[in-house]
Amino acid sequence: MTINIPQKAAQILRTLNAAGYEAYVVGGCVRDSMLSRVPGDWDITTSALPEQVKELFHRTVDTGIQHGTVTVMMDKEGFEVTTYRVDGEYHDGRHPDAVTFTRSLEEDLKRRDFTINAMAYHPEHGLVDLFGGMEDIDQKIIRCVGNPVERFTEDALRMLRAVRFSAQLGFTVEENTKAALARMAGNLEHVSAERIQTELVKLLVSDHPDYLRTAWETGLTREFLPEFDACMETKQNTPHHCYTVGEHILKSLTEIENDRLLRITMLLHDIAKPVVKKTDENGRDHFKTHGPAGEKLAGKILRRLKFDNATIRNTCRLIRYHDLRPTPSAEDVRRSVNLIGEELFPLYLKVQRADLLSQSMYKREEKLARLNGVTETYQEILKRGECTSLKTLAVTGKDLINAGHPAGPELGDLLEKLLDSVLEDPSLNTKEKLLEAAEKDSIKTE
């Protein structure tokens, strides 16, 4: 198979070859090309030492020179060029204590994580596949190069990467590699929260987010998301559900569009159910307050995994209100939009639909009819341009002050009262009517 290498990457190969060095595109770009996917980056491996690479190119950046990596700038585009190397011991479970440069492409490829990432390609020499990467692509499996225990000892994050690649590609993790995941899972405790977060998000926004199940089966989630393990073990004896809490979560991930915030929300929307679960005298389970409790627990988890503040804030708000069930009446929907927030309300509708489609068939048509009604009413409210927050209220605090109302906390209370009246009756949202209503309220409270 021929790989269509971008012109700038091909130029780097030609320059290195002309100077007497071997050079190949390597790793993910080869894998993705073989899978007819568009590579995100084009990495190059070469027999040239970093200093020799720097001598050949006008602009370079020492991005990882201690490990043999130089970024070659072609116009404004960067290409990582790394010298063939053999890694020493990995005492920190991430970086080799030392690297030894080698003239052997085979030695370089054998240190890589998975067979599908250990292939190299040159336009004239073709594909170099020493460890069965193409065979594993054909069989749709993720398999370590060499001994999986050794590969995972070198960098424990590779365990989560194995699951992430399987989710992105729809592959299964090969038996020996999966056994090593279970054996080595505890080593994830040595991996930073930031690196785990990156892999988790890539897994969640993949085509198969429910492959998180593999991480649970092998004990990986126990190390960074033990709350999910509790969900997998929590049954839901109620006609509304047909799965454990965890299986319901996995199903819901597949029922929502591929969006980072929405997938994170679905992962955590029922995370507090094991904590609040109550079983009545008839053996039926109840999960009251799991929304507000989930808001708190999700916040704790997201902070632990070093998510940014905006993601934490929006995810937690969606979780708090994900089970809110307004009627399709216009007033009810306007009040719900105000409560949840104008920006988040459309996402709330998607979260609730995914949640509903991951439950049992009990009253499903009835539930969908209500949600469809709410969605239609919401669209009509948008078309009519009705006010659902202080932002679109026809008067501002400044207007009220100009009309003679004193500044202070009472002014905020007055604005909230006016908004409440407009949420009930949108026709009141004119400056004249609201100033008149404010005047009446002031007289009444004097």
Side-chain angles (χ1 to χ4, degrees), residues 261-262 265 269 272 288-299 302 308-352 355 370-371 373-446:
L261 177 60
L262 290 175
T265 299
H269 79 284
K288 292 175 182 175
T289 74
H290 79 276
E295 175 188 30
K296 291 178 184 175
L297 185 54
L302 294 170
D308 60 282
N309 289 334
T311 298
I312 295 172
R313 182 175 61 251
N314 292 331
T315 301
C316 289
R317 192 161 188 84
L318 285 169
I319 289 171
R320 178 179 182 84
Y321 294 114
H322 80 273
D323 213 28
L324 184 72
R325 291 189 286 268
T327 69
S329 79
E331 181 183 345
D332 226 4
V333 175
R334 284 192 296 270
R335 291 190 181 281
S336 296
V337 174
N338 176 252
L339 180 66
I340 295 168
E342 289 174 327
E343 289 182 6
L344 289 180
F345 191 79
L347 303 183
Y348 148 82
L349 293 174
K350 292 176 180 180
V351 166
Q352 191 153 96
D355 190 9
R370 182 201 60 78
L371 182 57
V374 169
T375 304
E376 288 168 16
T377 302
Y378 170 64
Q379 295 298 333
E380 290 164 5
I381 288 168
L382 290 180
K383 280 181 191 172
R384 294 193 295 265
E386 292 175 357
C387 170
T388 54
S389 74
L390 289 172
K391 282 191 291 186
T392 49
L393 196 65
V395 295
T396 64
K398 189 176 179 182
D399 293 329
L400 293 176
I401 290 170
N402 290 340
H405 297 275
E410 294 83 4
L411 194 71
D413 293 340
L414 180 55
L415 282 167
E416 289 292 344
K417 281 184 184 178
L418 295 175
L419 175 60
D420 188 69
S421 66
V422 167
L423 291 174
E424 183 179 346
D425 182 0
S427 69
L428 298 177
N429 194 35
T430 68
K431 192 169 184 178
E432 184 183 1
K433 288 179 181 178
L434 290 176
L435 288 175
E436 185 182 331
E439 185 64 30
K440 286 180 183 176
D441 185 83
S442 297
I443 294 170
K444 197 191 312 176
T445 53
E446 282 177 0

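Closest heavy-atom contact between Thr377 and Pro328: OG1-O, 2.6 Å. Heavy-atom minimum distance, Ala272 versus Leu297: CA-CD2, 4.1 Å. Between Leu434 and Ser421 the shortest heavy-atom distance is CD2-OG, 4.4 Å. Taking both residues in full, the closest heavy atoms of Glu331 and Leu423 are given as CG-O, 3.6 Å, listed atom of the first, atom of the second, then distance. Nearest heavy-atom pair across Thr430 and Ser427 is CG2-O, 4.2 Å. Residue Arg370 comes nearest to Pro326 through the heavy atom pair NH1-O, 2.8 Å, listed as atom of the first residue, atom of the second, then distance.
A distance of 12.0 Å separates CG in Leu419 from NZ in Lys391, rounded to the nearest 0.5 Å. Glu424 CD to Arg335 CZ: the interatomic distance, rounded to the nearest 0.5 Å, is 6.0 Å. The line from CG of Leu262 to CG of Leu318 is 7.5 Å long, rounded to the nearest 0.5 Å. The OH atom of Tyr348 sits 14.5 Å away from the CD1 atom of Ile319 when rounded to the nearest 0.5 Å. Here the CD1 atom belonging to Ile381 is positioned 7.5 Å from the CZ atom belonging to Phe345, to the nearest 0.5 angstrom.
Side chain of Asn402 to backbone of Asp399: no donor-acceptor contact under 3.5 angstrom is found. Not a single donor-acceptor pair under 3.5 Å links the side chain of Lys417 to the backbone N or O of Ala437. Checking side-chain atoms of Asn338 against main-chain N and O of Thr388 turns up a donor-acceptor pair under 3.5 Å. Side-chain atoms of Asn429 never come within 3.5 Å of backbone atoms of Val422 as a donor-acceptor pair (strictly under, hydrogens ignored). A distance-only check finds a donor-acceptor pair linking the side chain of Gln352 to the backbone of Leu324 [under 3.5 Å]. Between the side chain of Tyr378 and the backbone N or O of Leu349 there is no donor-acceptor pair closer than 3.5 Å.
Considering only heavy atoms from C-beta on, His269 stays 4.5 Å or farther from His290 through its side chain. Contact annotation: the side chain of Glu439 approaches that of His405 to within less than 4.5 Å [non-hydrogen atoms, C-beta and beyond]. Contact of the Leu435 side chain with the Leu400 side chain is registered, since non-hydrogen atoms from C-beta on lie closer than 4.5 Å. Side-chain contact check for Thr265 versus Leu347: every heavy-atom pair is 4.5 Å or farther apart. You'll find the side chain of Val337 stays beyond 4.5 Å of the side chain of Arg334, heavy atoms only. For the pair Cys316/Lys296, no side-chain contact is recorded, criterion being any heavy-atom separation below 4.5 Å from C-beta on.
The list of side chain to side chain donor-acceptor pair (under 3.5 Å) pairs with a residue in residues 308-318, not counting sequence neighbours, reads Arg260-Asp308, Arg260-Thr311, Asp308-Thr311. For residues 373-384, the set of pairs meeting the salt bridge (charged side-chain N to carboxylate O under 4.0 Å, His left out) definition, not counting sequence neighbours, comprises Arg384-Glu386.
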Stepwise, does the side chain to side chain contact (heavy atoms under 4.5 Å, CB included) test hold for Val351 with Tyr321?
-> CA-CA 10 Å; Val351 166; Tyr321 294 114; over 6 Å; no
Verify side chain to side chain contact (heavy atoms under 4.5 Å, CB included) between Leu390 and Glu416, making sure each step is shown before the conclusion.
-> CA-CA 8 Å; Leu390 289 172; Glu416 289 292 344; 3.5 Å; yes
